[in-house]
Amino acid sequence: MNTITLAWIATPFFLGFIIFLVPKLNRHLTLWGTIASAAYGLQLFLEPSPITMNLLDSFGITLVADELSGYFIFTNALVTAAVALYCWRSDKTAFFYAQMIIVHGSLNAAFICADFISLYVALEVSGIAAFLLIAYPRSDRSIWVGLRYLFVSNTAMLFYLVGAVLVYQTHHSFNFAGLKGSPPEALALIFLGLLIKAGIFVSGLWLPLTHSESETPVSALMSGIVVKASVLPLLRCALVSEEIDIIVRIFGVGTALMGVSYAVFEKDTKRLLAFSTISQLGWILAAPAVGGFYALTHGLVKSSLFLIAGSLPSRNFKELQNKPIHTNIWIPLVIASLSISGLPLLSGFEAKVLTMKNVESWQFIVMNIAAVGTAISFAKFIFLPHTKAEEEEEKTKSGFWISVIFLITGLFVANIIYLPAYEITNITKALLTIAAGWLGYHFIFKKLSISLPRVFEEFEHLVGVMSLTLILLFWMAFP
């Protein structure tokens with residue numbers, strides 16, 4: 001199995017090289033690369049024990065493929081495949097597909113890294129390839145958004161690298177386990193880098209602009225899977241010691257609440273989805289032991305929502321209230337929105353129940369508030385006016401329906417993963433949470449015209465926010 005693992009890691013990069021040599025095969029090679037990843041991810045669920053590979057044992061360079069990484073790898077395969085199908089008949093060049101499969105491959109590598117230095121390499125490669133996807137249209141706006149993302153990403157990785165060196169200095173190993181017993185400065189710097197890259201808490205305020213201003217397929221890829229490359233290492237670090245687990249849970253709760261606080265007031269569809277991504281990443285971190293399933297569900301939901309949002313006639317909710325969308329587009333929009341809100345029969349329900357079963361008592365109230373806030377936010381999509389009139393039918397890309405149906409089907413199929421969730425108390429609570437959110441939307445938030453300031457999202461303030469996060473981490477890390 002070790003040989004298969006190495007071949008699987010190398011395959012996407014080899015395919016990316018072949019795409020440049022034979023551009024006409026770009027779509028097919030990208031899709032075959034995702035199929036290989038899906039097969040490998042499913043295989044990990046069947047393995048009786050984790051697959052462990054010590055590449056450079058004296059440095060602690062280790063790869064670990066287990067059930068947790070299987071969730072993220074499988075999510076990566078599904079989301080990338082959906083985006084490839086969405087772009088199938090578009091005018092995207094071989095360069096776009098090559099960068100997409102390279103992002104895919106570097107994320108796969110990040111998901112099985114169990115040491116800080118190989119993770120650093122994987123995150124840097126994914127960051128550069130993601131920048132090239134963001135800047136692909138070559139417009140002034142896309143290049144600026146891409147460079148902004150690259151600056152934030154590289155700055156985060158500088159902090160991270162210093163922390164990794166401190167871990168090695170202490171234990172002469174880069175292994176994640178070395179975080180326990182390392183100086184508090186190492187924990188603070190490594191976590192700062194990962195929190196920024198993942199878009200967690202206030203250090204993630206770079207994310208809304210990047211995800212909302214990118215092209216539709218790139219937004220789906222970024223929100224669906226790219227940001228999770230730095231989330232999985234946080235989950236693994238949480239398993240190292242109870243002290244680190246508490247820190248991760250605190251950031252999870254804070255992120256879930258902060259993201260949804262912005263989302264309920266947002267008037268722009270893509271920005272709402274971006275803030276929701278921040279909130280949902282908090283849900284993954286709130287219960288590290290079971291974060292894999294929530295990551296899968298969120299990847300399917302958010303990538304489908306971004307693809308659908310790209311087919312709406314406007315990004316402004318007020319304009320959408322006055323311009324009905326076609327019912328055919330509204331139906332998948334509602335299904336995805338209901339899943340992320342936690343409606344039974346969709347995988348979002350099981351993911352939320354499993355997460356709530358594994359949170360600590362001090363997290364319970366805040367996470368329930370975040371759940372109601374999620375229902376409020378997505379009520380904006382659910383209650384959009386719609387019509388079957390032929391003249392109102394929006395033009396959609398030829399690959400739109402196959403990609404969206406593929407992702408929505410995944411939400412129903414994934415519903416079998418945690419069937420014990422279907423208890424009367426859990427179903428009742430989920431329905432009451434959604435009902436409370438819808439009532440809150442209709443009687444309060446629909447009438448509000450409040451817009452939260454964007455000052456902290458401005459480029460010149462992002463480094464300042466990083467500094468504040470670092471101070472907070474130092475305070476939490478020092479005994």
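In this text, all values refer to a predicted model and were calculated from it rather than measured experimentally. Keep in mind that the numbers below use all heavy atoms, side chains included, and drop hydrogens, waters and symmetry copies.
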Any donor-acceptor N/O pair, Ser303 side chain to Ala220 backbone, under 3.5 Å: no
- prompt: Does any donor atom in the side chain of Thr216 or Tyr86 lie under 3.5 Å from an acceptor atom in the other side chain?
  reply: no
message: Among residues at least two apart in sequence or on other chains, which ones pass ring-ring contact (aromatic ring centres under 6.0 Å, His included) with Phe14?
response: none
message: Checking Phe96 now: which residues fulfil ring-ring contact (aromatic ring centres under 6.0 Å, His included) with it, not counting sequence neighbours?
response: Tyr136
query: Are side-chain N/O atoms of Ser223 and Lys302 paired as donor and acceptor at under 3.5 Å?
result: no
query: Is the closest basic N to carboxylate O distance between Lys92 and Glu215 below 4.0 Å?
result: yes
- request: Evaluate the criterion ring-ring contact (aromatic ring centres under 6.0 Å, His included) for residue pair Tyr40 and Phe74; output intermediate values, then yes/no.
  value: CA-CA 8 Å; Tyr40 185 83; Phe74 193 57; over 10 Å; no
- prompt: Among pairs that include at least one residue of residues 342-362, which meet ring pair (Phe, Tyr, Trp, His ring centres under 6.0 Å), considering only residues two or more places apart or in two chains?
  reply: Phe349-Tyr422
query: At what distance, to the nearest 0.5 angstrom, does CG of Asn175 lie from CD1 of Ile117?
result: 13.0 Å
Closest approach of Phe406 to Leu78 (non-hydrogen atoms, all atoms of both residues): CE2-O, 3.4 Å
task: Search all heavy atoms of Asp245 against all heavy atoms of Pro288 and return the closest pair with its distance.
output: OD1-CG, 3.6 Å
- prompt: Can you name the residues that form a side-chain contact (heavy atoms from CB on, under 4.5 Å) with Ser153, not counting sequence neighbours?
  reply: Lys197
query: Does Asp115 pair with Arg236 as a salt bridge, N-O distance under 4.0 Å?
result: no
- prompt: Counting N and O atoms only, with roles assigned by atom type, does the side chain of Ser403 sit under 3.5 Å from a partner on the main chain of Phe400, one being a donor and the other an acceptor?
  reply: yes
field: Candidates Ile284, Leu194, Ile190 - the one meeting side chain to side chain contact (heavy atoms under 4.5 Å, CB included) with Leu234
entry: Leu194
message: According to side-chain contact (heavy atoms from CB on, under 4.5 Å), who are the partners of Thr255, at least two apart in sequence or on a separate chain?
response: Ile200, Phe201, Ile278
- request: Taking all non-hydrogen atoms of both residues into account, name the closest pair between Ser203 and Ile196 and its distance.
  value: CB-CG1, 3.7 Å
query: Is it true that a side-chain atom of Thr297 and a backbone atom of Tyr294 form a donor plus acceptor pair closer than 3.5 Å?
result: no
field: Contacts of type salt bridge (charged side-chain N to carboxylate O under 4.0 Å, His left out), residue Arg271, not counting sequence neighbours
entry: Glu266, Glu457
- request: Please state whether the rings of Phe72 and Phe111 are parallel, tilted or perpendicular, taking 30° and 60° as the class boundaries.
  value: tilted
message: Whether the Asn108 and Ser37 side chains hold a donor-acceptor pair (N or O, under 3.5 Å, no angle test) is what I'd like checked.
response: yes
statement: With Ser377 as partner, the option from Val260, Ile340, Val372 fulfilling side chain to side chain contact (heavy atoms under 4.5 Å, CB included) is Val260
query: Can you check whether Thr62's main-chain N or O pairs, donor with acceptor, with Asn54's side chain at less than 3.5 Å?
result: no
message: If the condition is salt bridge (charged side-chain N to carboxylate O under 4.0 Å, His left out), which residues does Glu213 pass it with, not counting sequence neighbours?
response: Arg141, Arg315
- prompt: What pair of heavy atoms forms the shortest contact from Ala81 to Thr34, and how long is it?
  reply: CB-OG1, 3.5 Å
- request: Mind running ring-ring contact (aromatic ring centres under 6.0 Å, His included) on Phe293 and Tyr418 for me, showing each step along the way?
  value: CA-CA 9 Å; Phe293 180 34; Tyr418 185 61; 7.4 Å; no
message: Counting neighbours of CD1 on Ile365 that are heavy atoms of other residues, nucleotides or ligands and sit closer than 6.0 Å, is the number greater than 12?
response: no
field: Separation between CG of Leu296 and CD1 of Ile73, rounded to the nearest 0.5 Å
entry: 12.5 Å
In residues 461-468, what donor-acceptor pairs under 3.5 Å come from side-chain atoms, sequence neighbours left out?
| from | atom 1 | to | atom 2 | distance (Å) |
| --- | --- | --- | --- | --- |
| Ser467 | OG | Val463 | O | 3.1 |

- line: Looking only at heavy atoms, the pair that brings Gly33 and Leu15 closest together is CA-CD1, 3.6 Å
query: With no hydrogens and no angle check, is any side-chain donor or acceptor of Asn358 less than 3.5 Å from a backbone partner on Leu354?
result: yes
message: Tell me every residue that passes ring-ring contact (aromatic ring centres under 6.0 Å, His included) with Phe364, counting only those two or more places apart in sequence or in another chain.
response: none
- prompt: Could you give the distance from CG (Leu63) to CG (Leu6), rounded to the nearest 0.5 Å?
  reply: 7.5 Å
task: Mind checking side-chain contact (heavy atoms from CB on, under 4.5 Å) for Ser219 and listing every partner two or more places apart, or none if nothing turns up?
output: Ser214, Lys270, Phe306
message: According to salt bridge (Lys or Arg N to Asp or Glu O under 4.0 Å), does anything in residues 16-36 pair up with another residue at least two apart or in another chain? List the pairs.
response: none
field: Contacts of type side-chain contact (heavy atoms from CB on, under 4.5 Å), residue Glu243, not counting sequence neighbours
entry: Ser241
- line: For Leu281 and Gly199, the nearest pair of non-hydrogen atoms, with its separation, is CD1-O, 4.2 Å
